2 protein chains.
Amino acid sequence: MDRFLDPELFRLLSEPTRVKLLSCLIKCGRPCSVTEIAECCSIDFSVVSRHLASMAKLGVLDASKEGRTVWYEARTSEIADRFRAIADSVDQWKTQSCCGGAGCDCD
Amino acid sequence: MDRFLDPELFRLLSEPTRVKLLSCLIKCGRPCSVTEIAECCSIDFSVVSRHLASMAKLGVLDASKEGRTVWYEARTSEIADRFRAIADSVDQWKTQSCCGGAGCDCD
DNA sequence: TGCATGCTGACGTCATAATGCAAATATATA
DNA sequence: TATATATTTGCATTATGACGTCAGCATGCA
């Protein structure tokens with residue numbers, strides 16, 4: 001389970017600004033440029049650039065450069081699958097037990 | 001979807017210490033006291049107290065006071081369900097579009 | 001009542017990271 | 001080549017939040 005409970009992924013989604021950008025991209029369902037999203041969400045484009053890059057690095061977004069424009073697109077299926085994997089792994093642990101009491105080694 | 005992409009929930013899971021505590025509780029599958037978990041994970045009990053309280057506040061844990069002891073238990077099914085709901089809502093947005101181009105109002 | 005136990009809350013410190021501006025880089029176009 | 005456009009990067013500032021210590025509060029027990 002700990003393999004799926006990736007703090008880095010959650011850290012990305014814990015920032016309202018990033019979630020706003022991601023939400024925008026998911027809803028648009030098409031590749032968007034940095035400038036486009038920056039204007040759409042009224043956020044400084046340097047901030048948007050950094051956030052989108054970090055999300056692409058973690059596989060949440062797809063990035064493709066075309067001339068001087070970078071197109072970002074939400075990897076929607078990938079995101080949904082990842083959350084389902086988390087749900088499944090959490091469920092699996094329901095039946096297991098890590099400690100018999102005294103000698104617990106959860107860490 | 002924005003209803004499910006709750007930054008607060010993700011913020012909780014973005015902290016390795018909190019994930020460690022949650023993981024411990026899920027694996028144990030039974031109510032544990034603050035002291036018990038603090039010793040099990042070798043973390044200062046005031047830190048544990050804070051983290052568990054914040055997770056209970058967001059519905060990730062169940063808390064029940066019994067005398068001077070507070071028993072925390074992971075709401076495993078609730079957690080799994082929440083992640084599935086996120087996955088489903090992300091999938092639903094795949095077919096929709098928030099903007100026709102110029103007048104995009106993603107925010 | 002006095003004391004031990006279990007937990008919570010306040011406080012100061014520290015580390016991390018988000019932000020906006022400006023400069024730099026890369027690419028397209030005149 | 002000169003200039004405009006799209007994005008990235010460096011930097012200083014600011015904000016957020018985690019941590020440990022200690023004091024305080026509630027509860028149980030002698």
Side-chain angles (χ1 to χ4, degrees), chain A residues 5-25 28 30-58 60-74 101-102 104 107, chain B residues 5-25 28 30-58 60-74 101-102 104 107:
Chain A
L5 286 181
D6 175 19
E8 266 309 297
L9 171 65
F10 295 129
R11 196 182 67 78
L12 286 187
L13 300 173
S14 70
E15 247 289 313
T17 304
R18 265 193 300 262
V19 173
K20 189 177 179 181
L21 299 175
L22 176 61
S23 172
C24 176
L25 275 167
C28 283
R30 58 173 176 82
C32 301
S33 71
V34 173
T35 310
E36 199 173 359
I37 299 185
E39 285 173 355
C40 171
C41 297
S42 306
I43 300 173
D44 188 273
F45 65 90
S46 76
V47 172
V48 172
S49 171
R50 263 190 291 257
H51 282 322
L52 296 187
S54 67
M55 286 194 279
K57 196 175 175 187
L58 246 80
V60 173
L61 305 180
D62 250 336
S64 62
K65 191 163 186 176
E66 190 182 300
R68 56 192 166 194
T69 303
V70 178
W71 298 102
Y72 284 102
E73 184 169 16
C104 179
D107 54 341
Chain B
L5 284 181
D6 177 17
E8 267 309 297
L9 171 65
F10 295 127
R11 195 181 68 77
L12 288 186
L13 301 173
S14 69
E15 246 289 310
T17 304
R18 266 193 300 263
V19 172
K20 188 175 178 181
L21 299 175
L22 176 60
S23 172
C24 175
L25 275 167
C28 282
R30 58 175 177 83
C32 301
S33 71
V34 174
T35 311
E36 196 173 358
I37 299 184
E39 286 174 355
C40 170
C41 298
S42 307
I43 299 174
D44 188 276
F45 68 93
S46 79
V47 172
V48 172
S49 171
R50 260 190 299 259
H51 283 322
L52 296 186
S54 65
M55 288 195 278
K57 195 175 175 187
L58 246 80
V60 173
L61 304 180
D62 250 336
S64 62
K65 191 162 185 175
E66 191 183 296
R68 56 193 165 188
T69 303
V70 179
W71 298 102
Y72 283 103
E73 185 171 15
C104 179
D107 51 341

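Lettering follows sequence order; numbering is per chain, from 1. All values derive from a computational prediction rather than experimental measurement.
Arg18(B) places its CZ atom 12 Å from the C1' atom of dC19(D), with the value rounded to the nearest Å. Regarding Glu66(A), its CD atom lies at a distance of 15 Å from the C1' atom of dA26(C), rounded to whole Å. Between the CD1 atom of Ile43(A) and the C1' atom of dT7(D) there is a distance of 16 Å, rounded to whole Å.
Electrostatic pairing of Glu8(A) and Lys57(A) does not count as a salt bridge here, judged by no charged N lying under 4.0 Å from a carboxylate O.
Within the structure, a side-chain polar atom (N or O) of His51(A) is placed less than 4.0 Å from OP1 or OP2 of dT19(C).
In this structure the side chain of Val19(A) never reaches within 4.5 angstrom of the side chain of Asp6(B), judged on heavy atoms. Leu9(B) has its side chain out of reach of Leu13(A): every pair of non-hydrogen atoms, C-beta onward, lies at least 4.5 Å apart. At least one side-chain heavy atom of Met55(B) sits less than 4.5 Å from a side-chain heavy atom of Leu21(B). The closest side-chain heavy-atom distance from Cys32(B) to Tyr72(B) is not below 4.5 Å.
Between the OG atom in Ser54(B) and the CZ atom in Arg11(B) there is a gap of 7.0 Å [rounded to 0.5 Å].
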task = Scan nucleotides 2-9 of chain C nucleotide by nucleotide, 5' to 3', and note B when protein non-hydrogen atoms come under 4.0 Å of the base, S if they reach only the sugar-phosphate, - if neither.
result = --BBSBBB
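For the segment residues 9-17 of chain B, no residue has any heavy atom less than 4.0 angstrom from an atom of DNA chain C.
With sequence neighbours left out, the side chain to side chain contact (heavy atoms under 4.5 Å, CB included) criterion links Glu39(B) to Thr35(B).
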Please set out all donor-acceptor pairs under 3.5 angstrom arising from side-chain atoms of residues 44-51 of chain B, sequence neighbours excluded.
| unit_1 | atom_1 | unit_2 | atom_2 | d |
| --- | --- | --- | --- | --- |
| Asp44(B) | OD1 | Ser46(B) | N | 2.9 |
| Asp44(B) | OD1 | Ser46(B) | OG | 2.8 |
| His51(B) | ND1 | Arg18(B) | NH1 | 3.3 |

